[in-house]
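Here the structure comes first, spelled out in structure tokens, and everything after it is commentary.
Note on naming: letters A, B, ... go to the chains in the order of the sequence lines (proteins, then strands), and numbering restarts at 1 for each one.
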Amino acid sequence: MKRALDTARSDNFSEWYQEVVRKSDMAETSAVRGCMVIKPWGYGIWELIQAELDRRFKETGHENCYFPLFIPLDFIAKEAEHVEGFAKEMAVVTHHRLKTIDGELVPDPDAELTEPLIVRPTSETIIADSFRNWIGSYRDLPVLVNQWANVVRWEMRTRLFLRTAEFLWQEGHTAHVDRDDAFEETLRMLEVYRDFAESVMAMPVIAGEKTENERFPGADNTFSIEAMMQDGKALQAGTSHYLGTHFSEAQGIKYQSAEGDEKFAHTTSWGVSTRLVGGLVMTHGDDDGLRVPPALAPQQIVILPRLKGDDSDAPILEYCDALRKRLIASRALGAPIRAQVDKKDKNASAKRWDWVRRGAPLLVEIGPREVEANAVSVLRRDALYEGEKVKPGNTAADEFANTAASRLEDIQSAMHGQAKSFMENRIESGIAEFGALGEFFGEASEDEDGPSEGPLRWARVPWCKPAGAALEAVEAKLDPLKLTIRNAPLDQNGVSGACIFTGEEAVEEILIARAY
RNA sequence: CGGGGCGUGGCGCAGUCUGGUAGCGCACCUGCUUUGGGAGCAGGGGGUCGGAGGUUCAAAUCCUCUCGCCCCGACCA
């Protein structure tokens, strides 16, 4: 059977991923090492992600603002763990002028900055500096801000969307009177991410707490949402941190309480990035390309006129335009329907496959027959095939216009359902001892609805939550198996039995998986 | 940063061993034909072979250096 991509997921998952990103017209590599060009279809998806998250952030009381791209080097040095965590991947600005020397344009040796600036890898320190000025009294708290920005982390190996040297994200930063208030905020935003992933991205995730070794540099607690990709690997899709008073103490974010004494504010930070787009690809893509859940599709319905290049075209185009007008007048998933007529002068079936690769949820094909019968031919991207054939369904135009919204909503929930059962069927919770864990991840597993390569599953196992050296020992056991502890899910189903690492009594369950 | 691989029109590749001055497929442009499922035929445009230096009468091809990309590790959202 001919598919729209050259590489199948089961052939080579990472090659497949690259091909989807490129052939769906989302992004491409750029002339700059490790940095990508996000093209309109990919950026359109990101804009919808932004719009929906932004709405949710504001609904939970946050306001947007903007802090500088550059951070003075000594700011980073103020929080010890923070330096440790980011030092190895900083882009540093050292000069402010160029000069031609021996015919070559180079940084002017006489224009060296007295203090180097770093390009933000994250903004805790520069924002803390402002918080110090903004906060004087308990009446100023909480401070709840968010910024949409680009950040730079000089990664060794990059992959489009999943790990690029520069990426787009949002970072929320808040300050609170005490631990309870800050902790509540941390969990609130984690829940915003979880719900967004599930209901908007149709990407099932598991929310939980990271182990102490996986914490954000400078955090007391780090929580994540973890999504299962179709190769069975875990993708950390969002994080929310309770920072305690680390940054407040490092940078003097103090306030006077009602009782008159001076206290450090408790801060949080939380973020998601363009990595979500990579997660979308690996959650919903298939061997014909991307499938975009309707809530995030820049065009939810693409109308493809079947043109001949003669007089017969005019009524077809007119019919398509009228249909589009009707569609965009109605709403689906809480917003006006986004529909487009692709009038490009190109073979109709070539255009069809272009849109299949991009993953537009509904494709409507209109030729003389449809115009004649006042009908439409419709393809659902999430269910392209009937057996081995692509068979558009024929429907009256009125009926289609009236049901377009519910069709889109169907697709949204079908995609979520499919991804959810994929994940749920692959989380094993019956492993009671470490040896069985090795066997579980060692064996090659195969499935009808997924790629046959690699560890297709996760394990949910009881442990005693060791710390320090004991935790290091656990990680050392997992390392040869290339396994990592993803998180301790927030919804614990009642733990019983012994820790699979130490045999001591277990206190909670954790997720174990290979990860991106 | 360690190991491996690769850089030739927009994309994918052949040519490199055995130096003689660039070719194929897709894409693109023009024309004609075709049109219910990713069109056919004909004609055409576009590259000096990642970059720099060297050897040579002559370099995509040999040598040196360098940059970048991909895969596996380490690191990471």
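Across all strands shown, B/A42 is found opposite B/U30 as a Watson-Crick or G-U wobble partner, with both distances under 3.5 Å. The partner of B/C57 is B/G20, by the rule that a Watson-Crick or G-U pair needs both atom distances under 3.5 Å. Here B/G9 sits opposite no nucleotide as a Watson-Crick or G-U wobble pair (both hydrogen-bonding atom distances under 3.5 Å).
Remark: A/E399 engages A/T395, A/A396, A/T403, A/R407 in a side chain to side chain contact (heavy atoms under 4.5 Å, CB included) (not counting sequence neighbours). Contacts of A/A515 classified as side chain to side chain contact (heavy atoms under 4.5 Å, CB included), with partners at least two apart in sequence or in another chain: A/A234, A/T484, A/R486. By the salt bridge (Lys or Arg N to Asp or Glu O under 4.0 Å) test, A/D354 is found to be paired with A/K346, A/R357, residues two or more places apart in sequence or in another chain being considered. In this structure, A/R153 has no salt bridge (Lys or Arg N to Asp or Glu O under 4.0 Å) partners at least two apart in sequence or on a different chain. The salt bridge (Lys or Arg N to Asp or Glu O under 4.0 Å) search around A/E475 returns none, not counting sequence neighbours.
Residue pairs meeting the salt bridge (charged side-chain N to carboxylate O under 4.0 Å, His left out) criterion with at least one partner in residues 366-388 of chain A, sequence neighbours excluded, are A/D286-A/R381, A/R380-A/D382. Contacts classified as ring pair (Phe, Tyr, Trp, His ring centres under 6.0 Å) and involving residues 213-243 of chain A (residues at least two apart or in different chains) are given here: A/H82-A/F216, A/F86-A/F216, A/F183-A/F223, A/F183-A/Y242, A/F216-A/H241.
Counting any heavy atom pair closer than 4.0 Å across all strands shown, A/T29 reaches no nucleic acid atom.
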Can you pull every protein N or O that's under 3.5 Å from an N or O on nucleotides 39-42 of chain B?
residue: B/A39; atom: OP2; partner: A/N347; partner atom: OD1; Å: 2.8
residue: B/A39; atom: OP2; partner: A/N347; partner atom: ND2; Å: 2.9
residue: B/A39; atom: OP2; partner: A/S349; partner atom: OG; Å: 3.3

Between the protein and nucleotides 74-77 of chain B, list the N/O to N/O atom pairs that are separated by less than 3.5 angstrom.
residue: B/C76; atom: O2'; partner: A/E155; partner atom: OE2; Å: 2.8
residue: B/C76; atom: O2; partner: A/R163; partner atom: NE; Å: 2.1
residue: B/C76; atom: O2; partner: A/R163; partner atom: NH2; Å: 2.8
residue: B/C76; atom: N3; partner: A/R163; partner atom: NE; Å: 3.4
residue: B/C76; atom: N3; partner: A/R163; partner atom: NH2; Å: 2.5
residue: B/A77; atom: O3'; partner: A/Q236; partner atom: NE2; Å: 2.9
residue: B/A77; atom: O3'; partner: A/R275; partner atom: NH1; Å: 3.1
residue: B/A77; atom: O2'; partner: A/Q236; partner atom: O; Å: 3.2
residue: B/A77; atom: O2'; partner: A/R275; partner atom: NE; Å: 3.1
residue: B/A77; atom: O2'; partner: A/R275; partner atom: NH1; Å: 2.4
residue: B/A77; atom: N6; partner: A/T164; partner atom: O; Å: 2.7
residue: B/A77; atom: N3; partner: A/S273; partner atom: OG; Å: 3.4

Mind listing the N/O atom pairs, protein and nucleotides 11-13 of chain B, below 3.5 Å?
none

In residues 197-207 of chain A, what donor-acceptor pairs under 3.5 Å come from side-chain atoms, sequence neighbours left out?
residue: A/E198; atom: OE1; partner: A/H416; partner atom: NE2; Å: 2.5
residue: A/E198; atom: OE2; partner: A/V205; partner atom: N; Å: 3.0
residue: A/S199; atom: OG; partner: A/D195; partner atom: O; Å: 2.7

Atom pairs and distances, side-chain donor-acceptor, residues 270-279 of chain A, under 3.5 Å, sequence neighbours left out:
residue: A/W270; atom: NE1; partner: A/E185; partner atom: OE2; Å: 3.4
residue: A/W270; atom: NE1; partner: A/T268; partner atom: OG1; Å: 3.4
residue: A/S273; atom: OG; partner: A/R275; partner atom: N; Å: 3.0
residue: A/T274; atom: OG1; partner: A/L168; partner atom: N; Å: 3.4
residue: A/T274; atom: OG1; partner: A/L168; partner atom: O; Å: 3.4
residue: A/R275; atom: NE; partner: A/L162; partner atom: O; Å: 3.1
residue: A/R275; atom: NH1; partner: A/Q236; partner atom: O; Å: 3.2
residue: A/R275; atom: NH2; partner: A/L162; partner atom: O; Å: 3.4

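If you check B/C71, B/U35, B/C28 against the side chain of A/K346, the one that comes closest is B/C28.
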